[in-house]
Every structure is written in structure tokens, then in C-alpha cells.
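Chain letters run A, B, ... following the sequence lines, proteins first and then strands; every chain starts at 1.
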2 protein chains.
Amino acid sequence: MGASKTDHFTDKQNAIAVMAKALGHPARVAIIEYLLKVDTCICGDIVNELPLAQPTISQHLKELKNVGLIKGSIEGNAICYCVEEKALTVLQKFFTHVTTKMEKKKNNCC
Amino acid sequence: MGASKTDHFTDKQNAIAVMAKALGHPARVAIIEYLLKVDTCICGDIVNELPLAQPTISQHLKELKNVGLIKGSIEGNAICYCVEEKALTVLQKFFTHVTTKMEKKKNNCC
DNA sequence: TTATTATATTGCAATATTACGATATAGTTT
DNA sequence: AAACTATATCGTAATATTGCAATATAATAA
């Protein structure tokens with residue numbers, strides 16, 4: 001065991017989980033925030049900004065890219081990383097849906 | 001290594017990451033959705049609903065509780081679990097903030 | 001071509017997560 | 001009290017994550 005049984009859950013649940021998991025590390029939250037803060041979004045900048053070694057950051061960027069939260073395009077010999085609007089909007093909608101549902105319930109129990 | 005260097009990030013980044021991580025498993029997303037769907041929110045129901053053994057679900061509930069996404073109160077010999085509004089609202093606000101920032105940028109690069 | 005710069009990949013050690021059988025705990029019913 | 005029900009904890013195997021030094025790759029500059 002150790003691997004999660006993704007087949008038993010809905011596609012949406014898996015999609016949310018995969019993206020949430022990618023944001024389940026402060027460095028990756030920091031990367032997203034940094035990409036939104038600056039206009040130039042080159043990987044090198046992130047290495048200077050975060051207290052982690054270059055290979056580690058490269059790895060975190062790869063994970064964010066794998067789940068579709070960011071995209072990268074080659075820009076000379078550097079790489080321009082940007083947030084992927086669509087993916088982040090999916091998360092935003094999910095949590096807005098959740099909070100809306102909560103308000104409707106207003107503590108039926110507990 | 002293997003543990004993340006949480007000291008090097010802001011409290012907010014760590015808070016978001018910890019909650020996102022907790023939702024980084026489809027079973028835990030399913031639990032939150034189930035708690036919002038039903039009125040009775042007893043753990044036993046969740047065991048019947050999800051394709052996981054009782055100890056595994058107990059463990060997932062514990063994790064959600066540890067990061068403050070749900071709360072549980074004793075109800076006879078069962079336990080009533082409910083979503084914790086405050087925590088989920090923090091996530092909702094974070095992602096709304098992120099999407100709002102994205103719209104303002106409108107692809108300056110990439 | 002040889003350096004230099006920017007990023008990725010490999011390999012590996014330390015640690016964390018996931019899953020569940022077995023068992024413990026605690027309240028409820030008989 | 002004894003049996004039952006509901007949930008938690010323990011122990012442990014399988015797997016995943018985190019972090020980084022060393023190294024590879026690829027574009028640019030000299």
C-alpha cells in the first residue's frame with residue numbers, strides 16, 4: 001500500500017485532490033504567489049527568492065507543471081513560467097461552491 | 001531530508017499549504033463533500049460511503065481534524081463530524097484572491 | 001570553439017503518507 | 001456484568017515526497 005486508490009473516487013474529486021496536493025507545500029504556494037506578484041517570471045528569479053537549492057525548485061516547478069497549475073515557455077536560454085488560469089479557476093470555483101453550501105446549512109449539527 | 005522547511009516560508013503560506021495538503025487526497029475531498037451533502041454527519045456513514053477500511057477513514061478524519069478543516073463532537077457512542085467553516089473560508093479567499101490577481105495581469109508574459 | 005549561464009535530471013538518504021489487520025477504548029443495550 | 005456498536009490506535013508493509021550534490025543539457029556570449 002502507500003499509493004492512494006484513485007480509481008474509487010470521481011474524476012472531479014481526483015482532479016481537486018491532485019491540484020490541492022501540488023499546493024500542499026509552502027514552497028509551491030510561494031511560487032504561485034511569486035508568479036502572480038512579478039511581471040517577469042523566469043525560473044532564476046524564483047531560485048533567488050526562495051530558500052531552496054536550484055534542483056529542489058526545479059523539482060517543485062515540475063510538479064506544479066505536471067498538474068497543470070503553471071506552464072513554462074522557453075525564452076532564450078531561460079524559461080518563462082506562468083500560472084495557468086484555468087486550473088486555478090477550477091480550485092477557486094470548488095472552494096466557492098463549498099463555502100456557499102456551508103452557508104446554506106448553517107450548523108444543522110455540531 | 002524529506003521534511004519540508006516550513007520555517008523559511010510565511011505563516012500564511014504554511015497555513016494554505018497545510019490545508020491544501022490535507023485536501024490532497026481524493027478520500028479527504030470526498031469526506032468534505034459528503035459532510036456538506038448530508039445532514040447527519042456520523043463517521044459510520046462515511047465508512048459505508050467510501051471504498052476504504054474503517055481504520056483508514058479514521059486516519060483521514062484525524063488528518064482533516066488536525067489541520068482544522070473539520071471538527072468532531074461526541075454524540076452518544078458515535079461521533080458527529082462537521083466541516084469547519086472558518087478554515088474552508090480561508091482557502092476560498094486565497095483562491096479568489098489568486099484568480100482576481102490573474103485577471104488583472106491578463107498574460108503579461110507567456 | 002570554449003566559456004558562461006540557465007535549467008533539468010540523476011541518484012540517494014531522510015522522512016512522510018497510505019492502507020489495513022489486529023486490537024484497544026468507550027459508550028449502549030440487554 | 002456481558003454483549004454489542006462505534007471509533008481510535010498500533011504496528012507494519014508498500015510507496016511517495018523532500019532536499020540536494022553532482023552532473024547533464026541547451027542556449028548564449030566571448
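In this structure, the helix from dT1(C)-dA30(D) to dT30(C)-dA1(D) shows an angle of 20° between the axis at its start and the axis at its end, each fitted on 5 base pairs and rounded to 10°.
One can place CG of Leu50(B) at 14 Å from P of dT18(C), the figure rounded to the nearest angstrom. Atom CG in Asn48(A) sits roughly 11 Å away from atom C1' in dA6(C) (whole-Å rounding). Between the NE2 atom of His8(A) and the C1' atom of dC20(C) there is a distance of 13 Å, given to the nearest Å. Here dA6(C) presents its C1' atom at 13 Å from CD1 of Ile57(A), a figure rounded to the nearest Å. In this structure, CZ of Phe9(A) is placed 11 Å from C1' of dA19(C), rounded to the nearest angstrom.
Taking the side chain as every heavy atom from C-beta outward, Lys93(B) and Thr99(A) never approach each other to under 4.5 Å. Ile57(A) is listed as a side-chain neighbour of Leu50(A), based on a closest heavy-atom distance under 4.5 Å. The shortest side-chain heavy-atom distance between Ile46(B) and His60(B) does not fall under the 4.5 Å cut-off. In this structure, the side chains of Asn14(A) and Val29(B) stay at 4.5 Å or more apart for every pair of heavy atoms. Using a 4.5 Å cut-off on side-chain heavy atoms (C-beta onward), Met102(B) and Thr89(A) make contact. Using a 4.5 Å heavy-atom cutoff, the side chains of Val98(B) and Val83(A) are not in contact. A heavy-atom distance below 4.5 Å is found between the side chains of Phe94(B) and Glu33(A).
Ring-plane geometry between Phe9(B) and His25(A) is classed as perpendicular, the angle between the planes exceeding 60 degrees on a 0 to 90 degree scale with a lower cut at 30. Using cut-offs of 30° and 60° for the angle between ring planes, the Phe95(A) and Phe95(B) rings count as parallel.
You'll find that the side chain of Ser58(B) is closest to dT7(D), out of dC20(C), dT9(C), dT7(D). The His25(A) side chain lies nearest to dT18(D) when the options are dT7(D), dT9(C), dT18(D). When the nucleotides dT18(C), dA19(C), dA8(C) are ranked by their closest atom to the side chain of Ile79(A), dA8(C) comes out on top. In this structure, of dG21(C), dT17(C), dA8(C), it is dA8(C) that holds the atom nearest to the side chain of Gln54(A).
Within residues 60-67 of chain B, the residues having any heavy atom under 4.0 Å from DNA chain D are, by residue number, Lys62(B).
Here the CG atom belonging to Asp11(A) is positioned 11.5 Å from the CD1 atom belonging to Ile16(A), to the nearest 0.5 angstrom.
If Ala27(A) and Gln59(B) are placed on DNA chain D by their nearest nucleotide, the residue sitting closer to the 5' end is Gln59(B).
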Produce a footprint string for nucleotides 25-30 of chain D: one letter per nucleotide, 5' end first; B if the base is under 4.0 Å from any protein heavy atom, S if only the sugar-phosphate is, - if neither. --BS--

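Side-chain N/O atoms of Tyr81(B) include none lying less than 4.0 angstrom from OP1 or OP2 on dA6(D). Contact between the side-chain N/O atoms of Lys21(A) and the OP1/OP2 oxygens of dT17(D) is found at a separation under 4.0 Å.
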Quick one, Leu23(A) with Leu69(A), criterion side chain to side chain contact (heavy atoms under 4.5 Å, CB included). Give me CA distance, side-chain angles, the key distance, then yes/no. CA-CA 9 Å; Leu23(A) 290 173; Leu69(A) 282 168; 3.9 Å; yes

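The backbone N or O of Gln54(A) sits nowhere less than 3.5 Å from a side-chain atom of Ser58(A) that would complete a donor-acceptor pair.
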